Amino acid sequence: MVTSQGSNLKELLAKDEQFLSSALYRVFHIVTEKGEGPYLYTTEGVKYLDLTSGIGVTQLGHCHPEVVKAAQEQLSQLIHISCVTHHPGNIKLAEKIADILPGDLDNTFFCNSGAEAVDGSIKLSRYVNPGRPNIVAFRGSFHGRTLGSTALSSSKSLHRINYDPLLAGINFVDFPNCWKCPVFKDPSSCELECMDLLTRMFKLNLPPESISAIIIEPIVGEGGYVPSPNHRFNYLKELRKICDEYNILLIFDEVQSGIGRTGKWFACEHYGVVPDVITIAKGIANGLPMGAFSTRKKLMSLMPPASHGSTFGGNPVSCAAAQKTLEIIQRDRLLDYVFKTGSELMKHFQSELEKKVKVRGYGLMIGLEFTDKEKVEKVIDLCFKEKMLLLSAGTEQKVIRFIPPLNIEKNILFDAADKIINIIKKT
Ligand SMILES: Cc1ncc(COP(=O)(O)O)c(C=O)c1O
């Protein structure tokens with residue numbers, strides 16, 4: 001376990017233990033009170049380079065001045081209105097989101113988090129496909145902590161202990177992981193045999209006519225930063241065909257991979273596949289709470305007024321922050337920067353660490369897979385001592401994930417990468 005020293009710190013951590021739920025795990029036992037760009041500052045004034053972006057949230061770095069200003073201006077104008085009236089902030093934002101969504105997706109429901117976005121998308125699937133009680137989700141994926149999204153998640157069984165009965169009708173199939181093929185094929189010569197896992201299930205025990213939705217992360221996040229196949233075969237394209245054939249709603253959970261993280265607005269654009277629903281959260285408001293699920297108006301309209309709701313969802317302050325965040329990503333051409341810089345960084349990691357790790361990802365959603373969990377813990381601990389914060393991922397915690405802010409300066413990024421490379425070489 002990573003720890004830090006200091007008297008004030010000890011007092012704060014003791015109170016933390018006394019008054020805060022122990023169910024919420026904290027990775028680093030330091031207390032941060034200020035954030036600026038890619039840096040965090042502790043109560044003792046120690047500066048850390050945050051390569052976690054608060055788990056893929058602060059796309060523009062901590063407290064981006066323009067986002068702060070937009071939120072502050074909104075704070076003095078109108079903080080809360082809920083569904084009591086309409087307000088311009090979420091109308092404008094929904095229009096902006098329609099502009100960046102892939103294909104013909106154009107209609108959005110706002111909530112407060114990724115898990116709520118996922119739950120909402122499942123409710124939508126019940127309206128689109130009434131009388132179809134089943135859902136397919138992928139083993140190794142993570143969709144959140146509400147009871148609904150927990151039922152869809154399978155990145156760690158710890159997340160599910162004691163919570164049964166969860167949402168019924170969830171059927172898991174192995175994620176098409178080319179780094180650990182579920183059907184033991186070599187990705188350079190396979191014929192996408194992993195797709196048989198799904199089609200066999202259709203034949204043996206799960207009639208496709210009973211399925212309302214299939215939910216998948218185009219790039220698995222918590223489960224280990226694993227992109228779905230996109231080399232000789234495009235798994236998502238095949239999934240799209242299956243969903244079209246059987247009128248199954250295809251949901252892409254882009255809570256972690258969306259909003260520019262991979263060098264496109266949404267990761268599914270790398271695959272040229274448009275889902276029926278996209279879930280959004282994390283990076284959209286650069287740290288203010290916001291979630292959303294987006295679909296086509298024709299589908300969303302199947303949910304009658306008041307069939308779903310949220311007191312705080314789409315609140316004016318989060319909307320103002322999100323509007324500014326999206327504007328800046330566009331204005332500063334960050335998508336191109338992220339894709340180019342991320343590709344260079346992955347090449348750099350690969351050439352320096354060829355035998356030590358497997359490197360994968362898109363843009364600045366990069367995973368380094370090690371041979372064992374202990375190495376990952378050691379590297380993260382040594383990086384922490386060098387004042388860099390990194391997180392692990394993966395069902396076996398064998399992956400270090402690299403999720404810096406999208407606008408991180410190249411020299412800061414590559415200096416950090418070189419320090420990490422040296423640490424890994426010595427470990
Ligand atoms: C792909 C994915 N979906 C959903 C969630 C849940 O989001 P939240 O923690 O905002 O509820 C996460 C969180 O890590 C995620 O990575």
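All ligand and atom numbering here is 1-based and tracks the order in the structure. Values in this document were obtained by computation on a predicted structure and should not be read as measured data.
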Next on the checklist: Against Phe293, only a single residue in Phe252, Phe109, Phe110 fulfils ring-ring contact (aromatic ring centres under 6.0 Å, His included); can you say which?
Outcome noted: Phe109

Checklist entry - In terms of ring plane angle, is the pair Tyr235 and Phe138 parallel, tilted or perpendicular, where the classes change at 30° and 60°? => result perpendicular

Next on the checklist: Does the residue Asp253 have a heavy-atom contact with ligand 1, meaning some pair of atoms that are separated by less than 4.0 Å?
Outcome noted: yes

Item to check | Check ion pair Arg240-Asp276 (N to O, under 4.0 angstrom) | outcome: yes

Next on the checklist: Protein non-hydrogen atoms only, distance under 4.0 Å: does atom 10 (O) of ligand 1 have such a neighbour?
Outcome noted: yes

Checklist outcome for this item: Output for pair (Asn230 CG, His270 NE2), nearest 0.5 Å, gives 9.0 Å

Next on the checklist: Given the ring of Tyr41, does Lys47 sit roughly above its face, with NZ or CZ under 6.0 Å from the centre of the six-membered ring and within 45° of the axis?
Outcome noted: no

Checklist entry - Where does Glu222 meet ligand 1, judged by heavy-atom distances below 4.0 Å: at the side chain, the backbone, both, or neither? => result side chain

Item to check | Closest candidate by heavy atom, reference atom 6 (C) of ligand 1, pool Ser141, Ala281, Ser155, Ala115 | outcome: Ala115

Checklist entry - For Gly144 and ligand 1, does the shortest N/O to N/O distance drop below 3.5 Å? => result no

Next on the checklist: Considering both backbone and side-chain atoms of Glu116, is one of its nitrogen or oxygen atoms within less than 3.5 Å of a nitrogen or oxygen in ligand 1?
Outcome noted: no

Checklist entry - What do you reckon, does Glu217 have a nitrogen or oxygen under 3.5 Å from a nitrogen or oxygen of ligand 1? => result no

Next on the checklist: Quick check on contacts: which atoms of ligand 1 are under 4.0 angstrom from a heavy atom of Lys282?
Outcome noted: 13 (C), 14 (O), 16 (O)

